[in-house]
Protein chains: 2
Amino acid sequence: MEKEVTIYDIAKILNLSPATVSRALNDHPAINSKTKLSIANTAAELGYRSNTFASNLRRKSTSTLGVIVPRLDSSFMSAVLAGMEEVANKAGYNLLISQSLESQGKEKSNAKTMYNSRVDGLLVSLAYDTEGFDHFENFVKKRVPVLFFDRIFDHSECATIVIDNEKAGYDVTSHLIMQGCTHILHVTGNLKRNVYIDRLSGYRKALEAHGIAFDEAWVLETDLSREAGKAAVDYMEKLPVRPDAIFVANDICAISCIQELKQRGYRIPEDIAIAGFNNDPVSQVVEPSLTTVYYPGKEMGAIAVKTMINHLTGTSDIDPANSVVLQSELLIRDSSRKLQREARN
Amino acid sequence: MEKEVTIYDIAKILNLSPATVSRALNDHPAINSKTKLSIANTAAELGYRSNTFASNLRRKSTSTLGVIVPRLDSSFMSAVLAGMEEVANKAGYNLLISQSLESQGKEKSNAKTMYNSRVDGLLVSLAYDTEGFDHFENFVKKRVPVLFFDRIFDHSECATIVIDNEKAGYDVTSHLIMQGCTHILHVTGNLKRNVYIDRLSGYRKALEAHGIAFDEAWVLETDLSREAGKAAVDYMEKLPVRPDAIFVANDICAISCIQELKQRGYRIPEDIAIAGFNNDPVSQVVEPSLTTVYYPGKEMGAIAVKTMINHLTGTSDIDPANSVVLQSELLIRDSSRKLQREARN
DNA sequence: CTGTTAGCGCCTTCAA
DNA sequence: TTGAAGGCGCTAACAG
């Protein structure tokens with residue numbers, strides 16, 4: 001290992017003080033631009049690189065944001081991360097990313113790591129089964145800002161970035177009803193999570209608004225996996241009345257439903273209409289194409305980081321007052337165009 | 001901001017020296033186990049957390065690996081990252097992740113950031129148009145290990161993790177030939193990148209092995225985007241002889257070809273067989289389902305990190321001798337089952 | 001505009 | 001088995 005060049009080396013060569021070198025390197029306004037130039041030059045010549053630790057140690061701030069997501073390998077999450085990375089990178093922040101694999105235990109241990117790594121702020125989307133806020137309490141205590149996105153936790157000191165899941169659920173359900181569907185099965189995820197309980201609530205309200213009775217038996221709580229799709233079809237076939245639509249809370253599972261239904265001889269949407277959620281790339285490719293909800297993942301990531309950085313740089317606070325509700329959008333595709341299809345036949 | 005607890009606070013309380021506390025906290029063997037215990041206890045009580053920077057500054061090592069990928073929002077990459085994160089996390093390493101957005105410029109600036117952040121090791125998959133190794137030279141000089149995966153750079157001091165792209169390309173092409181195809185268009189990516197040039201080379205060898213002449217006009221270099229899929233179909237229609245198969249170097253573009261071809265009235269695979277690459281989730285959903293190559297992304301990520309950590313902990317070197325070639329696998333699906341289809345008709 | 005000084009919190013010789 | 005002391009490289013007062 002070659003020895004590292006420090007600001008002292010530069011200072012000695014140019015007959016300056018280390019402080020001046022430090023300031024010049026940080027583009028401090030009160031430094032002569034010629035001095036800056038010569039410092040920059042010799043720094044480059046010597047192959048100097050600033051020592052982030054020393055700087056962090058001194059300044060008591062990393063320029064790093066921690067991110068905890070349920071899974072890295074989902075198209076939605078990778079869109080979010082892409083958005084985050086872009087904004088963070090531009091603002092000179094690094095991202096420390098980890099996944100909870102949908103497990104509360106791993107989420108807790110990840111939070112601990114982030115805490116010890118002294119991230120400047122923490123961005124979290126909760127795991128499937130997380131309960132309680134304990135593992136983030138440390139951050140709040142030390143006044144490290146925590147921001148939740150997508151799968152959030154309501155807390156008086158945390159901002160949140162979400163879409164209006166209830167409205168989205170309402171819109172999807174209303175749309176299905178407008179297509180003539182009256183028996184709509186809702187396949188959802190863990191109802192501890194806002195995203196699912198809110199979509200359910202929208203589903204329910206839409207039913208009631210159209211004079212359709214809500215029935216708990218028509219709500220199926222699953223893990224929204226591919227396998228859950230098949231199980232949902234099994235469940236559906238056992239219902240006393242055959243549904244004429246299924247509203248699934250994500251696309252992956254919705255598509256698995258479509259495939260399973262097709263295999264069992266159902267026509268979509270004639271026999272059963274399907275709607276998903278997220279606008280996952282597969283939703284456009286499946287046949288019939290899947291009616292779904294556009295979820296602005298990349299924007300969500302970008303705004304989450306922006307909000308965080310604004311707070312860190314003192315522009316704003318990180319409490320619920322700064323929460324954002326992003327716009328989602330119903331995308332009507334073939335899997336639910338029921339009236340039109342029948343009219344055509 | 002509450003003030004942080006340090007080893008000095010603990011030392012004072014227990015009437016010990018900071019040195020002892022430091023050693024105890026690091027489980028140094030030469031410390032009385034009772035002392036260790038009491039130190040651990042008061043540390044916990046006080047909510048002590050070690051200061052990574054101070055420690056890093058002193059020890060000159062982070063426990064952080066840098067990762068530079070072309071894009072975060074691809075299903076392949078997110079699988080890789082998921083694999084990386086799992087292994088890194090278990091071994092107590094953090095991941096600093098950034099994306100080059102397929103631009104050499106951003107890749108360079110990311111490399112610089114990583115360099116300044118003093119990552120212990122760097123894991124890279126190259127951007128589309130990267131040329132030269134300059135931006136990694138610093139790492140080599142400072143003996144920071146650099147490992148390439150997927151889109152690699154051959155360098156005498158870097159290990160690489162890849163699949164056998166040439167063999168995979170050969171297998172796909174042979175398969176198409178076995179289906180009776182003799183005019184196979186190859187739609188590929190930037191031939192600067194090993195993955196594409198190697199697949200092309202496999203394509204070429206397969207043709208020649210089966211007595212089919214290779215013709216440059218039948219190789220189309222694109223950016224493999226969705227748009228490129230349409231352009232490829234345009235290109236195809238202008239060829240003097242109509243192809244009976246298209247081998248596309250990724251699934252996204254292959255699927256766009258399928259959709260475009262279907263729209264123009266081609267039957268797949270009867271008129272034209274299609275094969276893709278990566279086993280992207282969409283490949284199973286499109287109709288007809290897409291013949292493709294299973295690419296072990298998660299394993300690749302896991303092994304990349306494992307190799308890196310082995311090196312860092314002194315178990316092995318990071319030079320090409322430790323490179324790994326992972327197994328890929330041809331997945332034959334409906335988009336290329338030509339003989340069978342025709343037999344059935 | 002530049003220099004002096006004094007740590008940030010930790011680890012690691014060296015000495016006991 | 002423990003302590004004393006110095007320094008990792010940088011920055012932020014405070015002074016000029």
Side-chain angles (χ1 to χ4, degrees), chain A residues 1-40 42-43 46-64 92 115-120 142 144 314, chain B residues 1-40 42-43 46-64 92 115-120 142:
Chain A
M1 184 82 71
E2 304 181 18
K3 58 178 174 297
E4 294 281 345
V5 180
T6 75
I7 52 172
Y8 288 93
D9 300 322
I10 301 179
K12 205 167 290 171
I13 290 181
L14 295 174
N15 248 310
L16 291 166
S17 81
T20 307
V21 176
S22 168
R23 286 192 270 247
L25 257 15
N26 289 308
D27 208 23
H28 189 110
I31 296 284
N32 188 312
S33 52
K34 281 176 203 161
T35 325
K36 270 185 195 170
L37 205 65
S38 67
I39 289 178
T42 51
L46 267 49
Y48 167 82
R49 59 171 172 172
S50 84
N51 186 322
T52 325
F53 307 135
S55 167
N56 285 342
L57 174 58
R58 189 53 235 256
R59 193 166 26 192
K60 289 167 187 289
S61 98
T62 72
S63 292
T64 301
Y115 185 66
N116 287 328
S117 305
R118 282 178 163 62
V119 294
D120 284 352
K142 285 265 163 42
V144 178
Chain B
M1 182 83 72
E2 302 182 17
K3 60 178 173 292
E4 295 280 344
V5 181
T6 74
I7 53 172
Y8 288 92
D9 299 323
I10 301 179
K12 207 167 288 175
I13 291 182
L14 294 175
N15 246 310
L16 288 167
S17 81
T20 307
V21 176
S22 168
R23 287 192 269 248
L25 258 16
N26 289 307
D27 208 23
H28 189 109
I31 297 285
N32 190 313
S33 54
K34 281 176 202 162
T35 325
K36 271 186 194 169
L37 204 66
S38 66
I39 288 176
T42 50
L46 267 50
Y48 167 82
R49 59 169 171 171
S50 88
N51 185 321
T52 325
F53 307 134
S55 168
N56 285 342
L57 175 57
R58 196 44 239 259
R59 195 164 22 196
K60 292 164 187 285
S61 102
T62 72
S63 292
T64 302
Y115 185 66
N116 287 328
S117 304
R118 282 178 163 61
V119 294
D120 283 354
K142 284 264 163 39

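Heavy atoms only: backbone and side chains are in, while hydrogens, waters and symmetry mates are out. Chain identifiers are assigned alphabetically (A, B, ...) following the order of the sequence lines, protein sequences preceding nucleic acid strands; residue numbering begins at 1 within each chain.
- Taking A:Y48 as the reference, nothing meets the ring-ring contact (aromatic ring centres under 6.0 Å, His included) condition, with sequence neighbours excluded.
- Heavy atoms of A:N26 sit under 4.0 angstrom from primed sugar atoms or phosphate atoms, though from no base atom.
- Reading DNA chain C from its 5' end, the first and the last nucleotide to sit under 4.0 Å from a heavy atom of chain A are C:dC1 to C:dG9.
- For the segment residues 8-21 of chain B, residues with any heavy atom less than 4.0 angstrom from an atom of DNA chain C are, sorted by number, B:Y8, B:A19.
- By the side chain to side chain donor-acceptor pair (under 3.5 Å) test, A:S17 is found to be paired with A:T20, residues two or more places apart in sequence or in another chain being considered.
- Inter-residue side-chain proximity for B:I13 and B:L46 is flagged as met; some heavy-atom pair is nearer than 4.5 Å.
- For the pair A:L25 CG and D:dG9 P, the computed distance is 15 Å after rounding to whole Å.
- The stretch residues 32-40 of chain A touches DNA chain C through A:N32, A:T35, each having a heavy atom under 4.0 angstrom from the strand.
- No hydrogens or angles were tested; on distance alone, a donor-acceptor pair under 3.5 Å links the side chain of B:R23 to the base of D:dG3.
- Atom CZ of B:R59 and atom P of D:dC8 are 17 Å apart (whole Å).
- Applying the salt bridge (charged side-chain N to carboxylate O under 4.0 Å, His left out) rule to pairs touching residues 5-19 of chain A yields nothing, sequence neighbours excluded.
- Under the 3.5 Å distance criterion, the side-chain polar atoms of A:S117 are left unmatched by any main-chain donor or acceptor of A:V119.
- A side chain to side chain contact (heavy atoms under 4.5 Å, CB included) with B:T42 holds for exactly one of B:L14, B:V21, B:V5, B:L37; it is B:L14.
- In this structure, A:R49 atom CZ and D:dC10 atom P are separated by 11 Å, rounded to whole Å.
- Note that the two end axes of the helix from C:dC1-D:dG16 to C:dA16-D:dT1 enclose an angle of 30°, each drawn from 5 base pairs, rounded to 10 degrees.
- Note on residues 30-40 of chain A: pairs passing side-chain hydrogen bond (donor to acceptor under 3.5 Å, both in side chains), not counting sequence neighbours, are A:D27-A:K36.
- Partners of A:R23 according to the side chain to side chain donor-acceptor pair (under 3.5 Å) rule, which considers only residues two or more places apart in sequence or in another chain, do not exist here.
- Atom CG in A:N26 sits 8.0 Å away from atom OG in A:S50 (nearest 0.5 Å).
- Counting non-hydrogen atoms under 4.0 angstrom, A:S22 reaches a base of the nucleic acid.
- To the nearest 0.5 Å, the span separating OG on A:S22 from CG on A:L16 amounts to 12.5 Å.
- Scanning for side chain to side chain donor-acceptor pair (under 3.5 Å) contacts around A:N51 gives an empty result, with sequence neighbours left out.
- Atom NZ of A:K60 is separated from atom C1' of D:dA12 by 13 Å (rounded to the nearest Å).
- Residues passing the side chain to side chain donor-acceptor pair (under 3.5 Å) test with B:S63, sequence neighbours excluded: none.
- In terms of the salt bridge (charged side-chain N to carboxylate O under 4.0 Å, His left out) criterion, residue partners of B:R49 (sequence neighbours excluded) are, by chain and number, B:E4.
- Heavy atoms of B:L57 sit under 4.0 angstrom from at least one base atom.
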